[in-house]
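These notes are about the structure you will find just below.
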2 protein chains.
Amino acid sequence: MVRKTKEDAELTRQRIINAARTVFLTRGVSRSTLEHIAAQAEVTRGAVYWHFKNKTEIFYALRDRAFLPLIDRMYDTLAIQTDDIDPLTQIENSLSDTINELNENIEMRQIYEIMMIKCEYVDEFATVLQQILNNCSNITEKIQLAYERAHEQNLLTPTLTPHTLALDTHLFFSGLLHMWVKDADGSRFRHQAKQLIQSHINLRRK
Amino acid sequence: MVRKTKEDAELTRQRIINAARTVFLTRGVSRSTLEHIAAQAEVTRGAVYWHFKNKTEIFYALRDRAFLPLIDRMYDTLAIQTDDIDPLTQIENSLSDTINELNENIEMRQIYEIMMIKCEYVDEFATVLQQILNNCSNITEKIQLAYERAHEQNLLTPTLTPHTLALDTHLFFSGLLHMWVKDADGSRFRHQAKQLIQSHINLRRK
DNA sequence: TTATATACAAACAAGAATGTATGTAAACAA
DNA sequence: TTGTTTACATACATTCTTGTTTGTATATAA
């Protein structure tokens, strides 16, 4: 029974992507073979090769489904300028939202885990790392702008500049994401991630 | 020309470990074969199998040479109790020392890079991740003790508890290490790592 | 209605990587 | 001096994995 409709084919494609997520997560990207992925998706390698050039392209598809959307979302949350909410709370919310999304969205969580501790950034994957770094820079810039607004509104302790505060926050959040992902049983960081974010921001409030 | 002395054999062993470092760094752990490593060390796979059971054991040897010593060193620096130096500066120094070591010691730097972005933490490697997490907990505890001393000496802004401060610092430093490693050209974080540490601590000073 | 393109399955060929088994020359012990 | 062990090199067998090729039933366009 072959030759499905376009809708069926798209469904197969999605099943392959989802299968790859499961397989990557348990075996790591390198040790995952197209046969593993095909079996998990209940198709043959023929189907996988029809939809994707190779394993790398499946990885890219996975990244596009989770990593980029979450970055965009964070970026957007930070970029909004409103008077309803003070800039510090805005930063806090955007960080918390990201953690929320990871908590509630299994797919997101698993893809992040794959990208952080189940993937080796060499050759074709090295470019992915550069893209991540660039996104980080953009996020940091937005955070800095928010801190500048906070500074104008006289909300900050006068110790550091908005630029330095933004870098510190970025590093804090990078660390949090990494530890959040690694803390699989949730005992160390996951259960208190939001309080940690709140504390981090409170340390800056006048 | 075979059958070297014990000293020669130990030298071969070290050459294999060093070769593995180079190969892991450029090809990632998974894509590195024992043939690659042997070639880089200018021996045959026979020599490699003589000294190591498999690739995993070489990886462990690498970790033992860099990761554990640096953790221990940081731990020791934090554990010292002295009146010469205030506890906040002590934390700052221990973080800076670690960055210093990474700056000056190519071997350390490369092994950290391998462990952070050139290795997939699945199967045999998953246990390594747990060990790292445990070490992190110990470090955080030591940082907390230092903050408690700082609190007793009335050096801290009263916003957060020593416990929360320690977690925030730990997350900051985790993020810094990750970005430091990923920032290969040094333009984003490496050149200002020490200032960032100093700022991070200054934010806590009364 | 028929020709063609689609969406796969199945088979094939080739290379890579691993682990092991065997060979061997020199160091070392007795 | 000789036997044994060490420290490898070499050869072999096996398994895995990949990419490609071929086959085919059916949706769809003309």
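Below, read A as the first sequence line, B as the second, and so on, with proteins coming before strands; counting in each chain starts at 1.
Using a cut-off of 4.0 Å between Lys/Arg side-chain N and Asp/Glu carboxylate O, B/Glu101 and B/Arg73 are scored as salt-bridged. With salt bridges taken as basic N to acidic carboxylate O contacts below 4.0 Å, one links B/Arg205 and B/Asp86. Under 4.0 Å is where a charged nitrogen must lie from a carboxylate oxygen, and between A/Arg190 and A/Asp185 no such pair does.
Between A/His51 and C/dC8 there is a side-chain N or O to OP1 or OP2 distance below 4.0 Å. Between B/Tyr49 and the phosphate of C/dG19, there is a side-chain N or O to OP1/OP2 separation shorter than 4.0 Å. Residue B/Trp50 places none of its side-chain N or O atoms closer than 4.0 Å to OP1 or OP2 of D/dC8.
Remark: A/His36 NE2 is packed, more than 12 non-hydrogen atoms of other residues, nucleotides or ligands lying under 6.0 Å away.
Atom CG of A/Asp8 is separated from atom C1' of D/dA25 by 14 Å (rounded to the nearest Å). Atom CG in B/Leu11 sits about 13 Å away from atom C1' in D/dA7, given to the nearest Å. If you measure from atom CD of B/Glu7 to atom P of D/dT6, you get 15 Å, rounded to the nearest angstrom. To the nearest angstrom, C1' of D/dT6 lies 10 Å from NZ of B/Lys6. Atom NZ of A/Lys53 and atom P of D/dT18 are 15 Å apart (whole Å). Whole-Å rounding puts the B/Phe52 CZ to D/dA7 P distance at 13 Å. For A/Lys55 and D/dT17, the NZ to P distance is 9 Å, given to the nearest whole Å.
For the pair B/Val181/B/Leu102, no side-chain contact is recorded, criterion being any heavy-atom separation below 4.5 Å from C-beta on. Here the side chains of B/Ile16 and B/His51 are in contact, with some heavy-atom distance below 4.5 Å.
Contact check of residues 34-47 of chain A against DNA chain C (heavy atom, cut-off under 4.0 Å) returns A/Val43, A/Thr44, A/Gly46, A/Ala47. In the region residues 12-24 of chain A, proximity to DNA chain D at under 4.0 angstrom, judged on heavy atoms, holds for none of the residues.
One finds the CG atom of B/Leu34 at 8.0 Å from the CG atom of B/Asn54 (value rounded to the nearest 0.5 Å). The CE atom of B/Met179 sits 11.0 Å away from atom CE of B/Met116, with the distance rounded to the nearest 0.5 Å.
In this structure B/Glu148 satisfies the salt bridge (charged side-chain N to carboxylate O under 4.0 Å, His left out) test with no other residue, sequence neighbours excluded.
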